[in-house]
Amino acid sequence: MKILSLDFGGSSVKYGLIDENAVIAETGKLPAPLASVEQFQDTVASLAETYRGTVQGIGISLPGNIDPESGILLENGVYRQLYGQNIVRLTEEACSLPAAVENDGKCGALSEAWNGGLRDCRDGAVLILGSAIAGGMIKDHKIHSGRWFNAGEFSYHVIRPGDYSRWTAAYMSAGMLGVAYKLCKMKNLDLSVQDSAPTLERLDQFLGKQFDLPDQPPKKIRADGRQFSKWLEEGDPDAEKVYRELIITLGALVFNIQICYAPERIVIGGGFSSNERVLPDIQKEAAKYCEGMGLGDKMCPEIVRSRFLGEANLLGAAYNYLNRAG
């Protein structure tokens, strides 16, 4: 039994063939279908046709407030053209295969509860470092969704009290979308050649006036996660400044999660978490709060790296499908 698992992100849609034992047989990626409902359906139909006869259903991971029972994307996230749409129905109409959908962060959490860092935990939390900060809360081995399915929306954690602009949201410091935007402005890079260019350009309408840019044309260099890591290895001062802001944000975020929810473990996943600096730096940053406040070990977070890294959402989408398919 194999599931076609689709993880719709801000810059691409990842796909994989996953079985009931959490084994990934094949993966790949395509550009994110952000333009229209039709483009979304064309993308899922094309992938389903490629694996026709091999898969029995489709599991979808998607950003935004999602009701997994009805399949409706209510709001939020970069797939604005899909707000109010029934994602399950759109997928089943396009592919003639049964489907299930869940929020991307909650899919990441499900993967950890299924066969990852939370497998032995009753309560836990997961942060997925992607275009934003996807997240999920596990309560009694199941997803805790909260009112309007908002539990685990860590991207909107306030990091600048009193600043009510977009800058106060954690994703602007610790999500790759915010990281790319700041690097583009600091280095005078062309927004139009970046991953998620339409989203970055829309963001620039609100925030661009705060930057003084040189007169010369912007450079056509992509500031993606791989380039960010390369600049860090080279000791680039702009990248180091952005990275330090990222770690400060994540250190505060995991500490606050621990104090508010008291999970047994907090798992950090997503592609950028594979950078060897990230986990120990987050651990050290969170420990500063425990030490500074004189807290005992029982109030301090246990933070681990996901072994799934950038594939956590794919696995969680498959697990969600298996749970709902019965």
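This chain uses plain numbering: 1 for the first residue, then up along the sequence.
Side chains of Asn115 and Asn21 form no contact here, defined as non-hydrogen atoms less than 4.5 Å apart. Between Ile282 and Val254 there is a side-chain heavy-atom pair separated by less than 4.5 Å. Residues Phe308 and Asn313 fail the side-chain proximity criterion, which asks for heavy atoms closer than 4.5 Å. For the pair Glu302 and Glu264, the minimum side-chain heavy-atom distance is 4.5 Å or more. No side-chain heavy atom of Gln258 sits less than 4.5 Å from a side-chain heavy atom of Cys300. Proximity of Ile3 to Val55: side-chain heavy atoms (C-beta onward) are nowhere separated by under 4.5 Å. Using a 4.5 Å cut-off on side-chain heavy atoms (C-beta onward), Lys185 and Asp204 make contact. In this structure, Ser229 and Asn275 have side chains that are in contact, with non-hydrogen atoms separated by less than 4.5 Å.
Arg52 CZ: more than 12 foreign heavy atoms inside a 6.0 Å radius. Shown here is Arg202, whose CZ atom has more than 12 heavy atoms of other residues, nucleotides or ligands within 6.0 Å. With a 6.0 Å radius and a threshold of 12 heavy atoms from other residues, nucleotides or ligands, Glu291 has its CD atom at or below the threshold.
Of all heavy-atom pairs spanning Pro33 and Gln81, the tightest one is O-NE2, 2.9 Å. The minimum heavy-atom distance between Val37 and Leu82, with the atom names listed, is CG2-CD2, 3.9 Å. The shortest heavy-atom contact between Pro214 and Asn188 is CG-ND2, 3.5 Å. Residues Val193 and Arg222 approach most closely at O-CG, 3.3 Å, considering heavy atoms. In terms of heavy atoms, Leu183 sits closest to Ala223 at CB-CB, 4.2 Å. Annotation for Ala113 and His141: closest pair CB-O, 4.5 Å, computed over non-hydrogen atoms.
Grouping Ile, Leu, Val, Met, Phe, Trp and Tyr by side-chain contacts under 4.5 Å, direct or through others, leaves Ile159 on its own. Residue Met299 belongs to a hydrophobic cluster whose other members are Phe255, Ile259, Tyr289, Met293, Leu295, with links defined by side-chain heavy atoms closer than 4.5 Å.
The line from OG of Ser173 to CG of Leu246 is 7.5 Å long, rounded to the nearest 0.5 Å. Interatomic distance, SG of Cys290 versus NZ of Lys298, reported as 13.0 Å (0.5 Å rounding). Atom OG1 of Thr50 is separated from atom CG of Leu17 by 10.0 Å, given to the nearest 0.5 angstrom. Atom CG of Leu30 and atom CG of Leu6 lie 9.5 Å apart (nearest 0.5 Å). Taking CG of Asp236 as the start and CD of Gln227 as the end, the distance is 9.0 Å to the nearest 0.5 Å. Annotation: the span from Tyr321 atom OH to Ile58 atom CD1 amounts to 8.5 Å, rounded to 0.5 Å.
The pair Arg244-Glu240 does not count as a salt bridge, with every side-chain nitrogen at least 4.0 angstrom from each carboxylate oxygen. Taking a cutoff of 4.0 Å between a charged side-chain nitrogen and a carboxylate oxygen, Glu92 and Arg89 do not qualify as a salt bridge. Taking 4.0 Å as the cut-off between side-chain N and carboxylate O, Asp190 and Lys220 count as a salt-bridged pair. A salt bridge is absent between Glu75 and Arg80; no separation between the charged side-chain nitrogens and carboxylate oxygens falls under 4.0 Å. Salt bridge annotation for Lys182-Asp238: absent, with no cationic side-chain nitrogen under 4.0 angstrom from a carboxylate oxygen.
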Pair Val179, Tyr243 - check side chain to side chain contact (heavy atoms under 4.5 Å, CB included), show working. CA-CA 8 Å; Val179 164; Tyr243 177 75; over 6 Å; no

Apply the test side chain to side chain donor-acceptor pair (under 3.5 Å) to residues Glu201 and Ser192: give CA-CA distance (whole Å), side-chain angles for both, the deciding distance (0.1 Å), then the verdict. CA-CA 7 Å; Glu201 290 168 344; Ser192 70; 4.8 Å; no

What's the verdict on side chain to side chain contact (heavy atoms under 4.5 Å, CB included) for Ile266 and Val126, showing C-alpha distance, side-chain angles and the deciding distance? CA-CA 6 Å; Ile266 298 175; Val126 178; over 6 Å; no

Tell me, with the steps shown, if Glu26 and Tyr51 meet side chain to side chain donor-acceptor pair (under 3.5 Å). CA-CA 11 Å; Glu26 183 178 340; Tyr51 298 105; 2.7 Å; yes

Apply the test side chain to side chain contact (heavy atoms under 4.5 Å, CB included) to residues Val267 and Leu118: give CA-CA distance (whole Å), side-chain angles for both, the deciding distance (0.1 Å), then the verdict. CA-CA 8 Å; Val267 180; Leu118 300 181; 3.8 Å; yes

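Ile66 and Ile143 fall into different hydrophobic clusters, where Ile, Leu, Val, Met, Phe, Trp and Tyr are joined by side-chain heavy atoms under 4.5 Å apart, directly or via other members. Linking ILVMFWY side-chain heavy atoms closer than 4.5 Å, directly or via other members, places Tyr83 and Ile72 in two distinct hydrophobic clusters. Taken together through direct or relayed side-chain contacts under 4.5 Å among Ile, Leu, Val, Met, Phe, Trp and Tyr, Ile128 and Met137 form parts of separate hydrophobic clusters. Taking hydrophobic clusters as Ile, Leu, Val, Met, Phe, Trp and Tyr residues chained together by side-chain heavy-atom distances below 4.5 Å, Phe149 does not share a cluster with Tyr171. Tracing side-chain contacts under 4.5 Å through hydrophobic residues (I, L, V, M, F, W, Y), one reaches Val101 starting from Leu34; they form part of the same cluster.
A distance-only check finds a donor-acceptor pair linking the side chain of Ser274 to the backbone of Gly271 [under 3.5 Å]. Using modelled atom types, one side-chain atom of Arg265 and one backbone atom of Gly117 make a donor-acceptor pair closer than 3.5 Å. Using a distance-only test at 3.5 Å, with no hydrogens or angles considered, a donor-acceptor pair links the side chain of Ser273 to the main chain of Gly270. Panel note: side chain Asp140, backbone Lys142; no donor-acceptor pair is recorded below 3.5 Å. Thr249 places a side-chain N or O within 3.5 Å of a backbone atom of Glu245 that can act as its donor or acceptor partner. Looking at Asn103, its side chain does come within 3.5 Å of a backbone N or O of Gly64 through a donor-acceptor pair. The backbone N or O of Lys14 sits nowhere less than 3.5 Å from a side-chain atom of Ser12 that would complete a donor-acceptor pair. In this structure, the side chain of Ser111 engages the main chain of Ala312 through a donor-acceptor pair within 3.5 Å. A distance-only check finds a donor-acceptor pair linking the side chain of Lys219 to the backbone of Lys187 [under 3.5 Å]. Remark: the backbone N or O of Ala317 is not paired with any side-chain donor or acceptor of Ser5 at under 3.5 angstrom.
Checked against ring pair (Phe, Tyr, Trp, His ring centres under 6.0 Å), Tyr15 has no partners two or more places apart in sequence or in another chain. Partners of Phe272 by ring pair (Phe, Tyr, Trp, His ring centres under 6.0 Å), not counting sequence neighbours, listed by chain and number: Phe228. The salt bridge (charged side-chain N to carboxylate O under 4.0 Å, His left out) check on Glu234 picks up Lys230, with sequence neighbours excluded.
Screening Ile257, Asn256, Ile133 against His157 for a side-chain contact (heavy atoms from CB on, under 4.5 Å) leaves a single residue, Asn256.
Applying the side chain to side chain donor-acceptor pair (under 3.5 Å) test to every pair with at least one member in residues 55-68, sequence neighbours left out, gives these pairs: Asp7-Ser61, Asn65-Asn76, Asn65-Asn150, Asp67-Ser70.
Below 30°, between 30° and 60°, or above 60°: for Phe40 and Phe8 the angle between ring planes is between 30° and 60°, a tilted geometry.
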